[in-house]
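All remarks here apply to the structure that follows.
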There are 2 protein chains.
Amino acid sequence: MIRKQTTIQDIAQHLNITASTVSRALNDHPKIKKSTKELVQQTAKKLNYQPNSIAASLRKGRATTVGMIVPRINRHFFSNVITGVESVLNPAGFNLIICQSEESIEKEKENLKTLIANRVGGILISISIETKNLKHLEKVIAHQIPLVMFDRISDKLDVSKVENDDVSGSYDLTKHILEKGVKEIVWVGGPRSSSIYKNRYNGYKKALNEAGIDHEKQVCFEGPITLDSALDFIRLYLKKNKLPEAIFAASDYMAMGIIQGLQEAGHKIPDDILVAGYSNEPFAELISPKLTTVDQFSEEMGRATAQLLLDEMETKNANTTHNHIKTTLKPKLIIRESTQKK
Amino acid sequence: MIRKQTTIQDIAQHLNITASTVSRALNDHPKIKKSTKELVQQTAKKLNYQPNSIAASLRKGRATTVGMIVPRINRHFFSNVITGVESVLNPAGFNLIICQSEESIEKEKENLKTLIANRVGGILISISIETKNLKHLEKVIAHQIPLVMFDRISDKLDVSKVENDDVSGSYDLTKHILEKGVKEIVWVGGPRSSSIYKNRYNGYKKALNEAGIDHEKQVCFEGPITLDSALDFIRLYLKKNKLPEAIFAASDYMAMGIIQGLQEAGHKIPDDILVAGYSNEPFAELISPKLTTVDQFSEEMGRATAQLLLDEMETKNANTTHNHIKTTLKPKLIIRESTQKK
DNA sequence: AGAATAAATGCAAACGTTTGCATTGTGGTT
DNA sequence: AACCACAATGCAAACGTTTGCATTTATTCT
């Protein structure tokens, strides 16, 4: 049973040297003799010394912690981004405090407050769907805390960003469907006020226009990004309209809702109608028919985001000015059964 | 642009009072006049003061942070547990540092080191599949850091724990399959050296024995908990043996591998053979046939775990002794198409 | 040998809070 | 008018590091 944590002072006392030397020895300072370093290391181990990074952070004015805010951690995409972020940040000596905004701007503000209070070295954020006003983020910048946005970004903020080329992913997918000979594609997606869905819509629009199809004449449903919302939509839609040739859901979950609705009405996919989703959720290749979708390389996005943050933090340390960078990752079309008409 | 962070000293100077008063005012200390409190709050806002919880932690000797170690964050189960944990811990004023062990005991040790270095107020852990030796966890206890184990627990450690009643879940599921009239059930699962799979096996065994079936005569495959490992197994198995009546995979991913292997060999589920999984992954109700499985109430597990930790931390603060508690959550059988023979 | 240089260590302040104890101020009681 | 009690605030130390500068010790050069 350990009553009191051992500190570098204890080690110093034990060896009849000062705390400064111990500190430097433990941090491998060049001016410390090799023999003392070894001696210090040994006694540190003997006394079961555990460094106190809280104290170090306070003194150094910066923490070895990085904050990350995502809408939801239990979304496959985000948890993979987190994995990617950690794979870069941990080796660099940082650890992550993860917060969930739960798609609420109020929670987002609170999250930022606790991250700032914890004096994190930097912040990674994918903003909530509700977030339009960016004052709380400007505050972070004003506080000189390096900020990197990813996935759900905003061009109004002058920071480094990593985005998916949703326009291109959506364009490729739409083109692929058009090549199957269809002349109409119903669009289903989240609110276009979010950059993500705006871009996905634009890619779709572009492909349609290139094929000489008027996008204004296409049916377009915008709603919550959930299976149920899409299921409700398609049930209602089928009651009043004839079966469309194809449906492009800008989210795999919505695609799943569409598929369930179509199947319960007795329609065969892809024979009667083509369906595609977006983001390659794990279930996309497990369902029947296997879902054509777009893969977003989520882990790589995490790695890229973390790398940008490391750069920013370094720049800030060196106190040099530095242009912010915007990295765009190209997603990959994954063609599966749901769009392969026999 | 803010050059230097404003501190309580700045506020004090601004109001011609001392930092102590400011500190107490901000923490709503009863001995501070209401009028001063308001004054302090106002100037704090005016000077854009952001509390430094690093400094507070150092002084108070404990952080407002809690560490959590999970094997993998991008597993549906764990990310939901995390959500549950946060829903309890955040309102209580704590935030989470999340670490991934990636199923490696070495990484687990490192994670613990950084958590201790960050002087977290407590630690939540679900140990890696590799972890048998528990010395690193005993060290945590010796350091007086409250520790709560969840899901993958060990009885060798005297700490509070939250577990799923895997025996019961597995028993219920097996019994359900037996009620369909089958006389043999192939078992597929992870290594039984892990408490989880040992328990799931025991529940299965118990149900078989009660039905008068010798569990020793059943086929049993133990391997990595992945789709591919199960797929490989079933392919090989089908080559050399006749089709079994039912297969119980103690993991939904493995069940998915089994289903794919069976389907590619032309077998119909549930008509030719029954299949069930475990843990109710999101895809379980999306695939065809919909998968019978066991739901584990992952968010609730998170909440229960966090609550136990809060209790432990409080007890430690009050310096009273306290018996460790083991909470067992009863999982729920989810019957779907894959075990419903027509 | 003495001076000059280099190498290793020590000194002390600082980071921003919190907190036990001391002090001041205010009003009430005798 | 002296005293007491209580409310409100101040004082100063402490938490465990890090780090610029000063100091000591060892080494090299003339």
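Keep in mind that what you see is a predicted model, and the values were worked out from it rather than measured. A note on names: the letters A, B, ... follow the listed sequences, proteins ahead of strands, and every chain is numbered from 1.
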>> So which atom in B/Ile69 and which in B/Ser101 form the shortest heavy-atom distance, rounded to 0.1 Å?
In response: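 In this case the closest contact between B/Ile69 and B/Ser101 is CG2-CB, 4.2 Å.
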>> Tell me the interatomic distance from B/Glu38, atom CD, to D/dA8, atom P, rounded to whole angstroms.
In response: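 Checked: the CD to P distance equals 13 Å.
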For [X], which contact category applies under a 4.0 Å heavy-atom criterion: base, sugar-phosphate, or nothing?
X: A/Ile54; answer: nothing
X: B/Asp10; answer: nothing
X: A/Thr7; answer: sugar-phosphate
X: B/Ser57; answer: nothing
X: B/Ser53; answer: nothing

>> Tell me which residues in residues 27-35 of chain B lie within less than 4.0 Å of DNA chain D, going by non-hydrogen atoms.
In response: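 Going residue by residue through residues 27-35 of chain B, the ones with a heavy atom under 4.0 Å of DNA chain D turn out to be B/Lys31, B/Ile32, B/Lys33.
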The criterion is side chain to side chain donor-acceptor pair (under 3.5 Å); which residues satisfy it with [X], sequence neighbours excluded?
X: B/Glu163; answer: B/Thr328
X: A/Asn164; answer: A/Gln296
X: A/Thr305; answer: none

>> Quick check on DNA chain D: between B/Ile17 and B/Leu58, whose nearest nucleotide comes earlier from the 5' end?
In response: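 Looking at DNA chain D, the more 5' nearest nucleotide goes with B/Ile17.
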> Residues in salt bridge (Lys or Arg N to Asp or Glu O under 4.0 Å) with B/Glu130, at least two apart?
Replying inline: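 Result, salt bridge (Lys or Arg N to Asp or Glu O under 4.0 Å) vs B/Glu130: none returned.
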> Of all residues at least two apart in sequence or in a different chain, which pass the salt bridge (Lys or Arg N to Asp or Glu O under 4.0 Å) check with B/Arg59?
Replying inline: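 Partners of B/Arg59 by the salt bridge (Lys or Arg N to Asp or Glu O under 4.0 Å) criterion come out as none, since no residue qualifies.
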>> Under the salt bridge (charged side-chain N to carboxylate O under 4.0 Å, His left out) definition, can you give me all pairs with a residue in residues 89-113 of chain A, not counting sequence neighbours?
In response: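 Pairs touching residues 89-113 of chain A that pass the test: A/Glu102-A/Lys107, A/Glu103-A/Arg152, A/Glu106-A/Lys109.
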> Could you give all pairs that pass the salt bridge (charged side-chain N to carboxylate O under 4.0 Å, His left out) test and reach residues 20-32 of chain B, with sequence neighbours left out?
Replying inline: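 For residues 20-32 of chain B: B/Asp28-B/Lys37.
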Show me the donor-acceptor pairs within less than 3.5 Å that the side chains of residues 81-95 of chain A make with the rest of the protein, sequence neighbours left out.
unit_1	atom_1	unit_2	atom_2	d
A/Thr83	OG1	A/Ser79	O	3.0
A/Glu86	OE1	B/Gln100	NE2	2.9
A/Ser87	OG	A/Gly84	O	2.7

> Using the C1' atoms of the five pairs at each end, what is the angle between the end axes of the helix from C/dA1-D/dT30 to C/dT30-D/dA1, to 10°?
Replying inline: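 Here the helix ends are tilted 60° relative to one another.
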> Do we see a donor-acceptor contact under 3.5 Å between the side chains of A/Ser23 and A/Ser20?
Replying inline: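 There is no such pair (donor and acceptor under 3.5 Å, judged by atom type) between the side chains of A/Ser23 and A/Ser20.
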>> By the side-chain hydrogen bond (donor to acceptor under 3.5 Å, both in side chains) test, which pairs, at least two apart or in different chains, include something from residues 7-16 of chain A?
In response: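 As it turns out, there is no side-chain hydrogen bond (donor to acceptor under 3.5 Å, both in side chains) pair with a partner in residues 7-16 of chain A once direct neighbours are skipped.
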>> Below 4.0 Å from chain A heavy atoms, what is the first contacting nucleotide of DNA chain C and what is the last?
In response: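 Range of nucleotides within reach of chain A: C/dA8 to C/dG16.
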